Amino acid sequence: MTSSRSDRPLPEHTHIAVLGAGFGGIGLTIKLREAGFDDIVVLDRADDLGGTWQANTYPGCACDVPSQLYSYSFAPNPSWSRTYGKQPEILAYLRTVAERHDVVRHLRLRTELLDARWDEAAALWRIETSRGPLTADYFISAAGIFAEAKYPELPGLESFRGRTFHSLHWDHDHDLTGERVAVIGTGASAVQFIPEIQPKVEALTVFQRSAPWIVPRLDRPTLGLERRLLRHLPLAQKAVRGTWYSLIEGFGLVGFVDNRFRHPYELLGRIQLRRQIRDPRLRATLTPDYMIGCKRAIFSDAYLPALDKDNVEVVTEGIAEVGPHAIVTRGGAEIPVDTIIFGTGFTTIPTAFDRIVGRDGRSIADLYARRPQTYLGAAVAGFPNFFCTLGPFGAAGNQSAVYMIESQVAYIVDALKTLRASGQRRVEVRENVQDAFVDEMRRRSADTVWLTGGCESYYTTPDGGNAGLYPSWSFEYRRRTRRFDIESYEVSA
Ligand SMILES: Cc1cc2nc3c(=O)[nH]c(=O)nc-3n(C[C@H](O)[C@H](O)[C@H](O)COP(=O)(O)OP(=O)(O)OC[C@H]3O[C@@H](n4cnc5c(N)ncnc54)[C@H](O)[C@@H]3O)c2cc1C
């Protein structure tokens with residue numbers, strides 16, 4: 001239903017063009033409409049709204065932050081079926097919210113952004129899409145941070161005769177029953193799908209580069225009584241959300257306060273490992289060699305028991321090459337394989353950033369290639385009338401992304417309201433304000449566990465800097481983005 005209504009033609013001009021129809025783009029459109037803006041077009045290349053939650057359909061796909069918190073504060077859902085909603089339920093939630101708030105008529109799906117350029121003379125954005133051009137007074141990117149699959153370079157992969165796919169493009173037509181399957185990578189997605197496929201396959205070889213910290217997930221179905229209570233007592237629902245928020249925010253003690261706070265969390269991980277893995281050698285293989293929190297810790301009760309099964313082998317020695325029917329390890333072992341599944345995560349700079357070009361002809365990707373640069377993760381100097389959600393230093397290491405997105409949405413909507421009220425049209429963050437912010441981020445990141453915890457991750461840049469996490473409490477970030485600080489911007493009519 002959603003997609004059929006989005007085949008409407010693109011207008012020649014819109015007041016606000018939004019890129020992306022995930023949590024970011026949908027939340028933004030709802031709040032813009034509430035503020036009285038209605039001339040909004042939301043572009044997304046996908047067939048449906050939902051972003052992450054329509055793209056990832058692998059078995060076991062679910063959120064890692066409890067759903068009572070991983071949802072919009074303005075659209076609470078008393079009916080989550082379990083602590084952590086699974087992908088179909090999260091997608092259904094987003095569809096319901098979008099329909100209830102009349103967002104659907106703003107969507108232009110199957111519409112890929114090809115190029116967006118600021119035209120200084122006309123003071124507007126010229127946007128090229130796969131379904132034609134349009135112009136916009138304001139352009140807001142909610143293109144996400146995990147939108148494209150990342151693949152490892154494996155010599156000989158092109159000679160492989162079996163099936164290969166990435167967790168982001170799960171091949172549901174391919175039956176893994178009785179197959180010899182190799183999984184490359186042990187990140188958050190692999191941890192979710194491995195327990196789902198392990199019972200089906202004849203043999204599962206998991207190629208692990210570094211062992212993730214696995215901590216108890218505490219997932220369970222929601223009782224009917226709880227749902228009734230949450231439905232009739234909104235305060236109870238707020239209390240549940242607040243409790244999860246505080247528990248998760250507490251992990252910031254490890255992240256950016258003092259990494260000695262990691263010990264109780266690491267103990268939890270070690271106890272779980274000891275209880276769920278019988279073989280001491282496998283336990284050693286699965287023991288992380290870096291501090292918890294350096295990469296995002298993963299919540300799972302099912303992953304380690306799956307690895308403990310007799311049809312599973314964990315290989316750490318790396319891949320030398322892939323042949324037509326086997327993977328050869330660096331140690332020379334030849335492992336016969338029918339299907340290779342990449343659980344290797346996502347590229348961190350979305351390709352959309354190559355296609356958004358500011359007033360001096362440089363793209364956002366060009367800018368970030370030197371170092372991540374934004375103001376509050378929501379504006380970029382050199383890019384007038386442009387804002388974004390989850391930009392560098394606007395993402396949280398531990399907290400729900402939806403919480404951070406809502407902070408950015410409030411800031412951006414306040415910006416557009418402030419401009420409208422003051423009769424100004426052009427807005428661009430001052431370069432010195434952005435530089436001071438980036439310096440502050442660099443200074444405050446130096447002692448974080450992300451940089452000192454002894455791991456490599458998408459939290460860091462190739463030169464070991466912070467790639468874009470806000471290095472402090474998310475409630476501090478919320479306070480900073482509560483109001484649009486017009487004095488930090490050059491504005492004109
Ligand atoms: C499997 C998985 C589980 C996750 N679990 C959690 C969790 O538990 N907690 C948490 O906080 N975060 C989680 N995340 C992170 C998650 O991405 C964010 O929470 C959130 O969904 C981001 O929303 P978004 O709207 O910013 O981006 P997205 O949901 O990624 O949406 C971006 C949209 O932009 C569109 N787009 C991008 N480029 C173009 C282009 N050139 N042209 C047209 N359209 C384009 C994409 O098609 C996409 O629909 C998870 C991510 C994954 C992949």
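None of these values were measured; they are calculated from a predicted model. Atoms within each ligand, like the ligands themselves, are counted from 1 in listed order.
Residue D64 has at least one nitrogen or oxygen atom sitting less than 3.5 Å from a nitrogen or oxygen atom of ligand 1, judged on distance alone. Taking only nitrogen or oxygen atoms, main chain and side chain alike, I405 does not reach within less than 3.5 Å of ligand 1. Between G50 and ligand 1, no pair of N/O atoms sits closer than 3.5 Å. When only interatomic distances are considered, the shortest N/O to N/O separation between A401 and ligand 1 falls below 3.5 Å. At a 3.5 angstrom cut-off on N or O pairs, A352 does not count as close to ligand 1.
Distances below 4.0 Å separate heavy atoms of E112 from the following atoms of ligand 1: 42 (N), 43 (C). Listed by number with element, the atoms of ligand 1 under 4.0 Å from a non-hydrogen atom of T111 are 43 (C). In summary, the atoms of ligand 1 found under 4.0 Å from a heavy atom of G24, numbered by their order in the structure, are 24 (P), 25 (O).
Taking a 4.0 Å cut-off on heavy atoms, Y58 registers as neighbouring ligand 1. Note on ligand 1: Q87 sits outside its first shell, no heavy atom being nearer than 4.0 Å. The closest approach between a heavy atom of A142 and any atom of ligand 1 is below 4.0 Å. Ligand 1 does not have I26 within reach: every non-hydrogen atom of the residue lies 4.0 Å or more from it.
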### Query
So F146 and Y458, ring-ring contact (aromatic ring centres under 6.0 Å, His included) or not? Walk me through it.
CA-CA 11 Å; F146 297 135; Y458 60 78; 5.4 Å; yes
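Partners of C388 according to the disulfide (SG to SG under 2.5 Å) rule, which considers only residues two or more places apart in sequence or in another chain, do not exist here. In this view, H13 and T135, D137 satisfy the side chain to side chain donor-acceptor pair (under 3.5 Å) rule, not counting sequence neighbours.
Crowding of R209 atom CZ: a count of heavy atoms from other residues, nucleotides or ligands under 6.0 Å not exceeding 12. Other residues, nucleotides and ligands contribute at most 12 non-hydrogen atoms within 6.0 Å of the CD atom of E456.
Counting heavy atoms closer than 4.0 Å to ligand 1, residue L390 contributes side-chain atoms (C-beta onward) but none from N, CA, C or O. For Q54, no heavy-atom contact with ligand 1 is shorter than 4.0 Å.
Shortest contact from atom 44 (N) of ligand 1 to any protein heavy atom: R45 N, 3.1 Å. The protein non-hydrogen atom at the shortest distance from atom 10 (C) of ligand 1 is Y70 CE1, 3.3 Å.
A donor-acceptor contact shorter than 3.5 Å links the side chain of R262 to the backbone of N259.
Looking at V18, T52, D47, it is T52 that brings a heavy atom closest to atom 52 (C) of ligand 1. Looking at L49, T351, D44 and measuring to atom 35 (C) of ligand 1, the nearest heavy atom belongs to D44. Which of W53, F353, F346 comes nearest to atom 5 (N) of ligand 1 through a heavy atom is settled by distance: it is W53.
Aromatic ring orientation, F165 versus W170: perpendicular (interplanar angle above 60°, classes split at 30° and 60°). Ring geometry, F251 versus Y265: the interplanar angle exceeds 60°, so the pair is classed perpendicular (tilted spans 30 to 60°).
Residues Y470 and F256 form no side-chain contact, since every pair of their non-hydrogen atoms from C-beta on lies 4.5 Å or further apart.
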